[in-house]
Amino acid sequence: MKRALNFNAGPAALPESALAKAEKEMMNYQGSGMAVMELSHRSKEFEEINERTKNLLRNLLTIPDEYEILFLQGGASLQFSMVPMNLLEEGSIASYVLTGTWSEKALKEAQKVGNAVIAASSKNANYRFIPSSSEIDIPAESSYLHITTNNTIYGTQWHSIPENLPVSLVADMSSDILSRPLNLSAYGLIYAGAQKNLGPSGVTVVIIHKDLLNRSRPGLPSMLDYRVHADSQSLYNTPPTLSIYFLMLVLQWAEELGGVKQLEQLNKQKAALLYDAVDSSGGFYTGHAEEKSRSLMNVTFTLNNEDLTSAFLHEAEESGFIGLAGHRSVGGCRASIYNAVPLENVEKLSDFMNVFRSKN
Ligand SMILES: *Cc1c(COP(=O)(O)O)cnc(C)c1O
């Protein structure tokens with residue numbers, strides 16, 4: 001069977017072995033005579049899936065016991081609201097580092113909840129780089145500092161995070177969670193929509209330090225309250241059972257592959273192939289991100305002019321490459337090379353880039 005050369009930004013490629021396992025178990029999950037999405041979310045089978053998925057994530061990311069793992073709905077976008085609703089205390093400030101469109105959106109939602117300010121920004125440079133720790137200005141009354149660890153649209157990524165902060169660090173890791181080892185203890189809260197690096201859309205992972213569970217504003221609707229979800233093991237209401245099952249399959253794949261260290265090695269190898277194609281092109285391709293801030297997940301670049309960029313995208317499509325057009329706010333090209341994108345596919349793309357350059 002022919003699989004696409006999928007470089008979509010999200011929803012994105014999933015590991016073939018996870019898809020194959022789901023296909024095999026589709027009609028009859030573990031002898032239940034039911035598909036996973038036909039099981040009760042209160043059944044023994046599903047509770048096991050829920051627990052196993054959490055444990056896999058805990059092991060893969062070495063998440064200490066002081067952190068709760070929640071499986072929520074509403075995407076990363078709902079977290080833009082839930083974070084301030086739960087963590088921004090009355091009379092204090094939420095600080096945001098702006099590194100792209102998603103952090104702008106996160107700030108905008110926080111400003112609807114309370115007082116939220118910009119602690120640093122690279123907007124004036126069209127988000128080509130990640131501000132350095134020394135540029136981040138956190139007001140004394142801050143409840144937390146929010147960062148976006150990987151900027152899916154601009155192709156930049158934090159390669160070291162601010163340390164010894166006087167406030168909790170909150171991170172949107174939607175597009176790079178599980179791509180490298182994490183020092184969890186540096187964070188108060190991490191969230192990620194699953195559809196880039198973890199699984200299908202429909203489930204959002206939240207990892208929160210237990211100390212932060214008691215800050216929420218009085219009168220918060222139950223569904224928007226982390227405490228409610230934590231108290232019920234993410235089974236307060238019907239969870240997205242199929243998405244959580246797929247998340248489990250993807251995490252099993254990651255574990256079998258050797259875990260996040262192995263994934264990081266592979267991701268570095270994949271990214272180097274594409275950045276080399278850009279850097280060795282003598283200016284034929286230009287990267288959007290500054291070198292020190294380059295993302296290992298989303299490689300953004302343009303060609304010399306619009307016509308050449310269109311010709312590149314057109315020919316790439318004819319050759320079977322999917323999803324290479326850049327986001328409308330940046331233009332140009334973007335190759336999303338998340339964990340599940342095979343090395344061979346990236347090799348094919350880098351070959352294609354080199355051949356296209358020689359021809360033009
Ligand atoms: C895709 C993405 C989002 C939006 O996620 P939804 O699940 O669609 O709400 C937010 N932040 C980042 C960094 C993303 O890549």
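We count ligands from 1, going down the list as the structure has it; atoms in each ligand are counted the same way.
In terms of heavy atoms, Gly202 sits closest to Pro240 at O-CG, 3.2 Å. Summarising the geometry of Ser222 relative to Tyr236, their closest heavy-atom pair is CB-OH, 3.4 Å, with the distance given to 0.1 Å.
A ring pair (Phe, Tyr, Trp, His ring centres under 6.0 Å) with Tyr154 is found for exactly one of Tyr127, Trp102, Phe129, namely Tyr127. The side-chain hydrogen bond (donor to acceptor under 3.5 Å, both in side chains) test with Gln157 is passed by exactly one of Thr148, Thr99, Thr149, Asp176: Asp176.
Side-chain contact check for Phe7 versus Ile322: every heavy-atom pair is 4.5 Å or farther apart. Using a 4.5 Å cut-off on side-chain heavy atoms (C-beta onward), Glu315 and Phe352 make contact.
Taking a 4.0 Å cut-off on heavy atoms, Thr149 fails to register as neighbouring ligand 1.
Distance from atom 2 (C) of ligand 1 to its nearest protein heavy atom, with residue and atom name: Lys196 NZ, 2.4 Å. Given atom 11 (N) of ligand 1, the protein heavy atom at minimum distance is Asp172 OD2, 2.6 Å. Of the protein's heavy atoms, Ser77 OG, 2.6 Å lies nearest to atom 9 (O) of ligand 1. When only non-hydrogen protein atoms are considered, atom 15 (O) of ligand 1 lies nearest to Thr152 OG1, 2.5 Å.
Distances from atom 5 (O) of ligand 1 to the heavy atoms of Ala76, Pro11, Gly75 show the closest one on Ala76.
For the atom pair CZ (Arg3) and CG (Leu19), the distance works out to 5.5 Å, reported to the nearest 0.5 Å.
The Asn150 neighbourhood of ligand 1 comprises atoms 13 (C), with distances under 4.0 Å to a heavy atom of that residue. Which parts of ligand 1 touch Ser175 is read off a 4.0 Å heavy-atom cut-off, strictly below it: atoms 15 (O). Under a 4.0 Å criterion applied to the non-hydrogen atoms of Gln195, ligand 1 contributes the atoms 5 (O), 6 (P), 7 (O), 8 (O).
At a heavy-atom distance under 4.0 Å, only side-chain atoms of Phe80, from C-beta outward, approach ligand 1.
Ring pair Tyr67/His209: centre-to-centre distance below 6.0 Å.
The shortest N or O to N or O distance between Thr148 and ligand 1 is not under 3.5 Å.
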